[in-house]
Structures are given as structure tokens and as C-alpha cells.
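Order of appearance sets the numbers: ligands from 1, and atoms from 1 within every ligand.
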Amino acid sequence: MGAIHYDTDETGDAHQFCVGLAERARQEGVKFRFCSEVRGLELRSGRIAAVVSGRERFVAEKYIIASGSYSTLLLRHVGVYLPVRPVKGYSITLVGGGATAALRIPVVDDDLHTAIVPFGNALRVAGTAEFAGYDLTLSPGRIRNLLTLLREVLPQERFDATLAKPWCGLRATSADGVPIIGATGIIRFIREYRARSSGMDHGGGIRKAARRYYVRRASGC
Ligand SMILES: Cc1cc2nc3c(=O)[nH]c(=O)nc-3n(C[C@H](O)[C@H](O)[C@H](O)COP(=O)(O)OP(=O)(O)OC[C@H]3O[C@@H](n4cnc5c(N)ncnc54)[C@H](O)[C@@H]3O)c2cc1C
């Protein structure tokens, strides 16, 4: 078995990143409304007129829809077809118990689409691409697969499977993984969708491509 070592490879803690980003945004005056579900978008004269959440309506100059694979459902109501579907992924996180001491650098298995990543005092095994719609049930078999992989990569280590914290989530993914950037039928409504299963890794590059698109569009090229 062989492997390639990328000495410039980096990993990050997505939760820590989001918490830090939110704090920065808060300092710039952004107000967050957690636990309020957007139920719909109001369309008037071909433009988004408001965002509806419960009994509240939010009116703004510009609207950004960043609701992952649920964006497809929200946009469908205003006639925008987004060819993006949820692809379910799983992870297990082992905290402490010598887990991190076992591995200092991340290991990615591209064949199995699985990664084992040490961060802080934890070790996370993430992977799996399951087509199960919006169902967020944790499948025990999928969790077992991740544990098996961990034991295969680190056979000399003993892991207490009962300490593994399981999780699953949905990746918003387009059929070919290529981001969708372009104008929609709704007047002045531009879609820039990060339809990549690796939103964290590719977000910066896709934003750059989208920016080029907006600049070209604004200058009429
Ligand atoms: C197991 C797994 C491993 C992954 N590993 C990697 C990796 O190693 N590298 C990488 O780059 N990416 C990875 N990804 C993908 C990455 O998590 C996503 O690309 C990224 O989270 C997309 O960010 P987002 O903000 O667009 O969407 P999301 O993170 O899906 O956030 C969307 C948010 O919108 C909220 N929302 C949805 N509908 C509504 C509504 N109607 N009203 C209000 N809020 C709503 C949701 O609750 C959610 O908080 C992984 C994904 C999974 C599942």
C-alpha cells in the first residue's frame, strides 16, 4: 500500500471557523437570528420582495440564500430550478483517550472518499456518500464502516467504539460537482451556488470565479 504526503496540506476546525466568522460579522454590525426557519420567499414583479420566517417578514436590498441543499426547496417556490441534491455524509469523533496521539497528520482515502483528521484533542473520521434525500437518520452500518476504516488505518491502536460520537449531515452537490454561476429567470437575481461536496475547501475559489462573473456582467462583457 502506498501513499502521497502533501507537505502543504492543511486542515481546519469548521465549527471554530464558523464561530470565529460569526463573531467577526457581529463586530461589523451583523445581527443573527438563530433557530428561525425561513418558510418562504415573497416574489413581486419578478424580484424577491421579502423573506418570510414564521410571522415575520424581512425586507432587504439584497438576499443571499445559503441554506445548503435546502436551497433547492426554497428556490423551487419562486420558480428557480437549482440542480442540486443532498448527499448524506457521516462522521465519528473520538475525543481524548489517546486518539490524537495516534495520528499527527490527516489521512485521506480518495477511493473510499474518507478522511481521518486529528484536531485539538479529537480524531474525526468522515466520509460516505449516501443518496437518502433529506433523511437524517444515522445508519449504524455506515458508522461501523467508519470505525472499520479507522482500525484498518491505525491497526496498532485500540479505540473504544462506544466513545465515538456519530454525526451525519447533507452535502449540497450538483450532478457533476461543478459550481453553478449565472443569472436566473428572476430579474436581477443571480445565482451563485457552491454545488461542491467540499464547500469548505472550494468555497474561496468558487467565490473568486463568481466575483469575475459579476464584474463581467456589470461591465456588460
Ligand atoms: C460528513 C461530511 C464531511 C465533509 N467533509 C468536508 C471536507 O473535508 N471538506 C470540505 O470542504 N467540505 C466537507 N463537507 C462539506 C461541507 O460540510 C459543506 O460543503 C459545507 O458545509 C456547505 O456549507 P453551506 O453553508 O453552503 O451549507 P450548510 O453547511 O449545509 O449550511 C446550511 C445551513 O442552512 C440552514 N437552513 C436550511 N434551510 C433553512 C431554512 N429554511 N431556514 C433557515 N435556515 C435554514 C441549515 O440549518 C444549515 O445550518 C463535508 C460534509 C459532510 C456531511
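- Hydrophobic clustering places Leu74 together with Val78 (ILVMFWY residues linked when any side-chain heavy atoms are closer than 4.5 Å, directly or through intermediates).
- Using a cutoff of 4.0 Å between basic side-chain nitrogens and carboxylate oxygens, Glu56 and Arg33 are scored as salt-bridged.
- Those atoms of ligand 1 with a heavy atom of Tyr90 less than 4.0 angstrom away are 1 (C).
- Neither Tyr70 nor Phe32 shares a network with the other; the hydrophobic side chains, linked directly or stepwise wherever heavy atoms of I, L, V, M, F, W or Y lie under 4.5 Å apart, form separate groups for each.
- The shortest side-chain heavy-atom distance between Ile105 and His5 falls under the 4.5 Å cut-off.
- Ligand 1 has no nitrogen or oxygen under 3.5 angstrom from a nitrogen or oxygen of Gly127.
- Comment: Glu42 engages Arg44 in a salt bridge, judged by a side-chain N to carboxylate O separation of less than 4.0 angstrom.
- Less than 4.0 angstrom separates some heavy atom of Ser36 from each of these atoms of ligand 1: 43 (C).
- Atoms of ligand 1 found under 4.0 Å from any heavy atom of Gly68 (numbered from 1 in listed order, with element): 27 (O), 30 (O), 32 (C).
- The residue Ser53 has no part lying near ligand 1, judged by heavy-atom distances below 4.0 Å.
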### Worked check of ring-ring contact (aromatic ring centres under 6.0 Å, His included) between Phe58 and Tyr63
CA-CA 10 Å; Phe58 296 94; Tyr63 302 88; 9.8 Å; no

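- Nearest residue to atom 39 (C) of ligand 1 from Ser91, Gly169, Ala14, Ser67 is Ser67 (criterion: closest heavy atom).
- Within ligand 1, counting atoms from 1 as listed, the ones closer than 4.0 Å to a heavy atom of Ala66 are 32 (C), 33 (C), 34 (O).
- For ligand 1 and Tyr70, the ligand atoms under 4.0 Å from any heavy atom of the residue are 37 (C), 38 (N).
- Taking every non-hydrogen atom of Glu37 and a distance limit under 4.0 Å, the qualifying atoms of ligand 1 come out as 40 (C), 41 (N), 42 (N), 43 (C).
- Donor-acceptor pairing under 3.5 Å is lacking for the side chains of Thr128 and Arg142.
- With a heavy-atom cut-off of 4.0 Å, Trp167 touches ligand 1 through its side chain alone.
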